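Below you'll find the structure, written out as C-alpha cells, and then a few comments.
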There are 4 protein chains.
Amino acid sequence: MADNTDEQSRRAPDPRRRSQRAQNAIVDAAEELLGEVGYSRLTMEAIAARARVGKQTIYRWWPSKAAVVFEVFTRLTGAEAGQPLPDTGDLAADLKTVLRATIDEFNDPATDRTTRAFTAEVQHDEEFARAVTEQLVRPNGEAVKERLRSGQAAGQLATDVDLDLVVELLNGPVNHRWLLRTAPITHEYADRLVDTVLRGLRP
Amino acid sequence: MADNTDEQSRRAPDPRRRSQRAQNAIVDAAEELLGEVGYSRLTMEAIAARARVGKQTIYRWWPSKAAVVFEVFTRLTGAEAGQPLPDTGDLAADLKTVLRATIDEFNDPATDRTTRAFTAEVQHDEEFARAVTEQLVRPNGEAVKERLRSGQAAGQLATDVDLDLVVELLNGPVNHRWLLRTAPITHEYADRLVDTVLRGLRP
Amino acid sequence: MADNTDEQSRRAPDPRRRSQRAQNAIVDAAEELLGEVGYSRLTMEAIAARARVGKQTIYRWWPSKAAVVFEVFTRLTGAEAGQPLPDTGDLAADLKTVLRATIDEFNDPATDRTTRAFTAEVQHDEEFARAVTEQLVRPNGEAVKERLRSGQAAGQLATDVDLDLVVELLNGPVNHRWLLRTAPITHEYADRLVDTVLRGLRP
Amino acid sequence: MADNTDEQSRRAPDPRRRSQRAQNAIVDAAEELLGEVGYSRLTMEAIAARARVGKQTIYRWWPSKAAVVFEVFTRLTGAEAGQPLPDTGDLAADLKTVLRATIDEFNDPATDRTTRAFTAEVQHDEEFARAVTEQLVRPNGEAVKERLRSGQAAGQLATDVDLDLVVELLNGPVNHRWLLRTAPITHEYADRLVDTVLRGLRP
DNA sequence: GGCTAAGCGAGACGGTACGTCTGGTCTTGAT
DNA sequence: ATCAAGACCAGACGTACCGTCTCGCTTAGCC
C-alpha cells in the first residue's frame, strides 16, 4: 500500500500525496488509542478526533475499524514478514533465535494488544482473515520452511517430514499458550520447544 | 449457576423457578442468534426480544454479552470438559481418537461459530479468559496429561518430557490451523500430527 | 400538558409521567436555543444536549426539528388560538384591538424569530403546513368571522361580503408587510387598515 | 452580473468568457434541481455535479445556495419586475388583469416551488430579504402605485388613501392564501378581491 | 510558438449534524 | 414480588454536505 510510490517517485508526484499526512495521522492515532483503550473500546470517532481528521477521511481509505487496525499491525510487524531466517548452519540454534524474537514480540505490551485485537478480528471477518493469512502468516511460514529445507540438505532434519506440519509444531504451541494465557512464554520455553520438536525429526 | 435449584426444588416452591424459564429462553435465544448472525452482530436487545424477556432479566443474571455466550458454550462443550480420555493401552490410537473428535467439533459450523466468538472475546477480556482457562482448557489439558502419564507407565512415552509441552504440541497445531484458517483440518491430519509428535518421544 | 401531574399525583400515576419530564426539557431547550441561534442553526444534537436527553428520546416523540419547533410555537401562541374576539359593540374598535395585539407579537423578537422559522418550514413541508393551518390559522380565522357576523347583525357590516375575504383583507396586509419586511408595523397602521377595509363594507 | 461583458466584447476577448459557460450551467442546474427536489434538499454538491463544474466555481461567483437560487428566481421573474401596468382607462379591469397573471404564476408548479424556496430563505436571511425587497417587491409595488395614481387622476380612486396600503390590500390577501395554502387561488378570487377593495375607495 | 497566469474540473480535506442503533439502567403495570 | 415491556441517557455508527484547499489540465493573451 505504501510501497507503490517507489517506482514512481522519480518522475510523477503521487496523486495521493495530500492524503499521506492524513493517513499517517490516522494510523498513528489508531495505534496510540489501541494501546490506551484496547480494540473493543476503540472508536472511529476517537481516531478521527485524535488524528484531527474528518471521519470521512478515514472511511475514504479504509472500510472498517478492522482495516485500520490491520494497517497498524502491518506497520508494526509487516516489515519483517517473509524475511529469510538466519542460516548459521545450526538449524536448532537458528530456529531458537527466531522463536525467541517472536516471543519477545508477544511479550511486548504494545504488540500484544494489537495482535490480540487482530486475532479477535480474524475470527469475525473471513475476508480479513484471508488478508492476514496471505500477507503475514504464509510469508513467515514459507521463510521458516526455506530454512528447514536448508537443514534437510545439511542432514539435520529428516527428509520424510511434512514441513508445513513442522512449522505448525513450532508456532502452534507458542501461539496456543499466548492466546489462552495458560502460562508465561519465555526464551527457555522456546529452546525446549525447538529441542523437543527436532528430537524426533532427525534423519 | 444453573444447578443450585436442584436441592431446593423438593421442599419449597422455588423462588427462582420463574427465572429458570427465562434463563433457558435467554440461552436458547442466544444460541440461535449466534448461529444466525454471528457474535459481533449479536445484540442483547435481540436476545431479549427473541427470548421474550426484558433486557433487565438478562443483566440480572449475566454481566455481559460474553457471559451469555459463555453459557451457550459450556452448554455445548462443557459436559465433556475434563472427562478422562479412553485408555485402550495404545497411546497413539487414543490420542488420535480424541484429536479426531476435537477436529469434528471444529468442523461443525455451530461449534465453529461459537468457539470463534469465544476466542475473540478471550482476547478482549482477561477476566473472561481466566474463566475459560479454568473451566475448559485446564481440565481438558489435565485429562490428556493423565493419559500421557498412563502411557509413560506403559513404556510408550519417554519419562523426561514436559507433559504440558506435549499437550501443547498436540493442541497447538490444530488450534493454529483452525484459528488462522490456513488449511483444512482432517482426521488424516490428526493422525499424522500424533505420529509426528510421538515419533521423537519414545523412551 | 405540563400541569396534569399535579392534581393526579395523589392517586393515578400518569402512564406518560416519565416522558413528561423529558418532553418538557426538550421543548424548553428548543425554545431557548431558538431564541439564541435561530431556526436554521438549531440542531437536534444541541437540543438533546441542552435538555440532557438522548437524541432518541426526541425522535421518539417528534419526527423532525420542525415538529419540535411547532410544539414550541403552539406553547407560545396556541393558548389563545380560536379564542373569541372581544365584543364591545364597536366592530372597528374590537378589530383594532385584536390586530394591535397581533402586531405586538410580530414586533416581539422572540415571537418574531419563532414565527419566521415556522413560516419558512411551512413552505418546505406540506404536511406541516396542514397542521399549522388546522390548529392555528383556521381557528383564529373562525373567531374573527364570528365577530364579523356579530357586526353584521348589529348593522355595522354589509351582509353581502365574503367573510373569508374580509379576514384575509385584515390579516394579509399585516402578514405581507411583516413577511417581506417592507415597512415597520405599528398600531397606527392597524387602525388605518381596519378603517380602510371597513370603509367600503358598510351596509 | 451577466451584462458586464457587453461593453468589453467589442474589443477584447473577455477574460470571463469561460466562466460564462460555467455560470450558465450552474444556474440551469440549480433551476432543474430546484424543480426536482425542492429547495431544502438542493445541495451545492448536486448543482456542481449536474453542471459538471467544480464546487469552487460556484463559490467563486455566489456566496451561498440562497444566492444561486436568487439568480434562478430573477431569471424567472426578474424580467417583468417593475414593468408598468397596462392602462386601458379601466382601473378595476387593469388590476384584475395583473392580479390574474400573478395568480397564474403562483399556480404554476415550477414558479410555486421556487417562490416558496425563496420566501423561506427570506425568513432566515435578512440580507437576502433586503435584496429581494429592493429588486422585486418594491419595483412591482411602484408600478402598481403608478397605475393607481393614474386611476386617481381619472377619478376612479379616492385621493385621500394611502397607496402603499392599497397595494398591500391587493397583494396581501393573495399572498396570505398562497403562503398558508388555506384555499385555492382562482381568477374569480382575483376579481372579487379587486372589486371588494375598490368598493370602498371610490372618490 | 512558447510562456505564464488564470480559470477550470475534480475531488480530498477538516468539520458538523444527521437519523439510527445498541448499551446498560430505570420505571411501570400485569400476573 | 417478579417479570415483560420498553422509555430513558448516552454515545458510536456510517452518511451527507458544508465551505476550503490542493491538484494538474486547459486556454488565453503576451512576449
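Everything quoted here is computed from the prediction, not taken from an experiment. Chain letters run A, B, ... following the sequence lines, proteins first and then strands; every chain starts at 1.
Stacking of B/Lys65 on the aromatic ring of B/Phe70 is not recorded, the 6.0 Å distance cut-off and the 45° axial limit not both being met.
In this structure, the nucleotide among E/dT25, F/dC8, E/dC13 sitting nearest to the side chain of C/Ala22 is F/dC8. Here the nucleotide nearest the side chain of A/Thr43, chosen from E/dA17, F/dC13, E/dG23, is F/dC13. Picking from E/dG9, E/dA17, E/dG24 the nucleotide with the shortest atom distance to the side chain of B/Met44 gives E/dG24. Listed nucleotides E/dG9, E/dC26, F/dC8 differ in distance to C/Trp61; the shortest reach to its side chain belongs to F/dC8.
Listed pair B/Thr57 / F/dA4 meets the phosphate criterion, a side-chain N or O lying under 4.0 Å from OP1 or OP2. Under 4.0 angstrom from either OP1 or OP2 of F/dA16 there lies no side-chain N or O belonging to A/Arg60.
One can place OH of D/Tyr59 at 17 Å from P of F/dT22, the figure rounded to the nearest angstrom. Here the P atom of nucleotide E/dC21 and the CG atom of B/Leu42 are 17 Å apart, to the nearest Å. Straight-line distance from the CD1 atom of B/Ile47 to the P atom of E/dT22: 12 Å, rounded to whole Å.
Between the C/Arg113 side chain and the C/Gly35 main chain, a donor and an acceptor come within less than 3.5 Å of each other.
You won't find any donor-acceptor pair under 3.5 Å spanning the side chain of B/Glu45 and the base of E/dC21, going by distance alone. For F/dG14, its base sits under 3.5 Å from the side chain of A/Lys55 at one donor and acceptor pair at least.
Annotation: of the two residues near DNA chain E, C/Ala46 and D/Arg52, the 5′-most nearest-nucleotide partner is D/Arg52.
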